[in-house]
Amino acid sequence: RSNILLVDDGSTDDTERVAKRLGIKVVRHEANKGYGAAQKTGYAEALKDGADIVVMVHSDYQHDPSYIPALIEPLKNGEADIALGSRILAGRVVSQGMPFYKFLGNRVVTAIENVLLGANISDYHTGFRAYRREALEKIPFQHNSDGYIFDSEFLIQAINKGLKIKEVPIPTRYPKEASSIDFFGSVRYGLGILGSLGRFLLHRWGLKKSPQFE
C-alpha cells in the first residue's frame, strides 16, 4: 500500500484545494517555513502514519515520479538505507537544462563533501530521495536547517551514522516553469553547506559538540 503526502509550505495558490480534490493528504504550514522545515513536517507525519519507506520528490517537475519503483528497489532488497536519484550518474544534465554555473558549483561542493566525509557520492543535492523508516528514526533531522542545506546535512548525519547509501541513475528535466536557485542563491547555498561541514568536523574532533551530529 502506498500513500501520497503533500506538505504545503504556506503557498498562496490552489495547491491545497487541488491536492485534496485528487484525494491527496495535505499537511499545511500557514506561513512559509522553508524547504527543510517542509521535509521535517513530512517525515514526521509519514513516520506517524507508519510508513516503511518514504520517498521525497521535489514539486517542480524536474524528477519523474514514475521512477519511484527503481529508486526504492535498493531499500526493498536490503541493499541500502537511503537511495538517491542521481542526475550526475544519469548524465547529460547540462544538455537537459541545468545551468552550467549550477552544474559547476555542484561538482565543486560535491568534491569537497566527498573528501571531508570520506565518501563517494555523485549527487548530494538531488531532489529525489528515498529513506527506510529505520534511517529516518536514527537521524536527528529536527536539528537540521529549515532551508535548502537540510539535504546535505541529512547525508552528513547518515554517513556519520554509518548508514548505507545507494545511488540510482535518474534522468532529469528542466522545464522553464521549474524553480531554480539563482547564481547568488547558489553561492549562499554552497557556503551554507561548507558551514555545516565545518560544524560536523568540530563535533567529530571533539572541539565543539552538536546535538545535530550525535
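If you're wondering where the values come from, they're calculated on a predicted model, not measured in any experiment. Atom set for the values below is all heavy atoms of this structure, side chains included, hydrogens, waters and symmetry mates excluded.
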- Message: Let me confirm one number: the CG-NZ distance from Leu75 to Lys164, rounded to the nearest 0.5 Å.
- Response: 10.0 Å
- Give me the one residue out of Glu30, Arg28, Lys33 that meets side chain to side chain contact (heavy atoms under 4.5 Å, CB included) with Asp9. Lys33
- More than 12 heavy atoms from other groups under 6.0 Å of OH on Tyr67: no
- Query: Between the side chain of His203 and the main-chain N/O of Ser210, is any donor-acceptor distance below 3.5 Å?
  - Reply: yes
- Working to the nearest 0.5 Å, report the span between CZ of Arg87 and CZ of Phe128. 12.5 Å
- Given Leu197, which of Leu202, Val109, Ile112 fulfils the side chain to side chain contact (heavy atoms under 4.5 Å, CB included) condition? Ile112
- Message: I'd like to know if Lys25 pairs up with Asp49 as an ion pair, taking the criterion as any Lys NZ or Arg NE/NH1/NH2 lying under 4.0 Å from an Asp or Glu carboxylate oxygen.
- Response: yes
- Sorted by chain and residue number, the salt bridge (charged side-chain N to carboxylate O under 4.0 Å, His left out) partners of Lys48 (sequence neighbours excluded) come out as Glu45
- Item | Donor-acceptor side-chain pairing of Tyr124 and Asn114 below 3.5 angstrom | yes
- Query: Do Asn144 and Gln39 meet the criterion of a side-chain donor-acceptor pair at a distance under 3.5 Å?
  - Reply: no
- Note on the structure: Nearest heavy-atom approach of Asp123 to Glu167 is N-OE2, 3.1 Å
- Message: How long is the straight-line distance from OG of Ser86 back to CD1 of Ile121, given to the nearest 0.5 Å?
- Response: 10.0 Å
- Item | Considering all heavy atoms, the nearest Lys40-Ser145 contact | CE-O, 3.8 Å
- After noting the C-alpha distance and the side-chain angles of Glu113 and His125, does the key distance pass the side chain to side chain contact (heavy atoms under 4.5 Å, CB included) rule? CA-CA 11 Å; Glu113 288 174 301; His125 317 290; 3.3 Å; yes
- Message: Quick check: do Glu214 and Pro140 have side-chain heavy atoms less than 4.5 Å from each other?
- Response: no
- Item | Contacts of type ring-ring contact (aromatic ring centres under 6.0 Å, His included), residue Phe150, not counting sequence neighbours | none
- Query: What distance do Ile170 atom CD1 and Gln62 atom CD have between them, rounded to the nearest 0.5 Å?
  - Reply: 14.0 Å
- Item | Shortest non-hydrogen separation from Tyr189 to Ile149 and the atoms involved | O-CG2, 3.7 Å
- Ser196 versus Glu153, closest heavy-atom pair with distance: OG-OE2, 2.8 Å
- Message: For Glu16, is there an ion pair with Lys20 - N to carboxylate O distance below 4.0 angstrom?
- Response: yes
- Query: Does a side-chain heavy-atom distance below 4.5 Å link Ile139 with Leu163?
  - Reply: yes
- Sequence neighbours left out, what passes salt bridge (charged side-chain N to carboxylate O under 4.0 Å, His left out) with Asp52? Give chain and number order. none
- Query: Among pairs that include at least one residue of residues 38-57, which meet ring pair (Phe, Tyr, Trp, His ring centres under 6.0 Å), considering only residues two or more places apart or in two chains?
  - Reply: Tyr43-Tyr131, Tyr43-Phe141
- Task: Check step by step if side chain to side chain contact (heavy atoms under 4.5 Å, CB included) holds for Glu73 and Val168.
- Result: CA-CA 9 Å; Glu73 186 60 29; Val168 178; over 6 Å; no
- Item | Lys209, NZ: over 12 other non-hydrogen atoms inside 6.0 angstrom | yes
- Nearest heavy-atom pair of Ala83 and Leu71: which atoms, and what distance? CB-O, 3.2 Å
- How would you list, by chain and number, every residue that makes a ring-ring contact (aromatic ring centres under 6.0 Å, His included) with His29, sequence neighbours excluded? none
- Apply side chain to side chain contact (heavy atoms under 4.5 Å, CB included) to the pair Arg199 and Ile156, showing each step before the final yes or no. CA-CA 11 Å; Arg199 289 194 300 276; Ile156 293 171; over 6 Å; no
- Query: Is Thr126 reaching over with its side chain to a backbone N or O of Gly85, donor-acceptor style, under 3.5 angstrom?
  - Reply: yes
- Message: Using a 3.5 Å distance criterion without hydrogens, assess whether the side chain of Lys208 forms a donor-acceptor pair with backbone atoms of Phe200.
- Response: no
- List the atom of Ser122, the atom of Ile88, and the distance in Å for their closest heavy-atom pair. O-CG1, 3.5 Å
- Task: To the nearest 0.5 Å, tell me how far Leu84 CG sits from Ile82 CD1.
- Result: 7.0 Å
- Return the set of residues passing salt bridge (charged side-chain N to carboxylate O under 4.0 Å, His left out) with Glu137 (not counting sequence neighbours), or none when no residue passes. Arg133
- Interatomic distance, CG@Asp8 vs OG1@Thr41, rounded to 0.5 Å, equals 11.0 Å
- Message: Is it the case that atom CG in Leu47 sees more than 12 heavy atoms from other parts of the structure closer than 6.0 Å?
- Response: yes
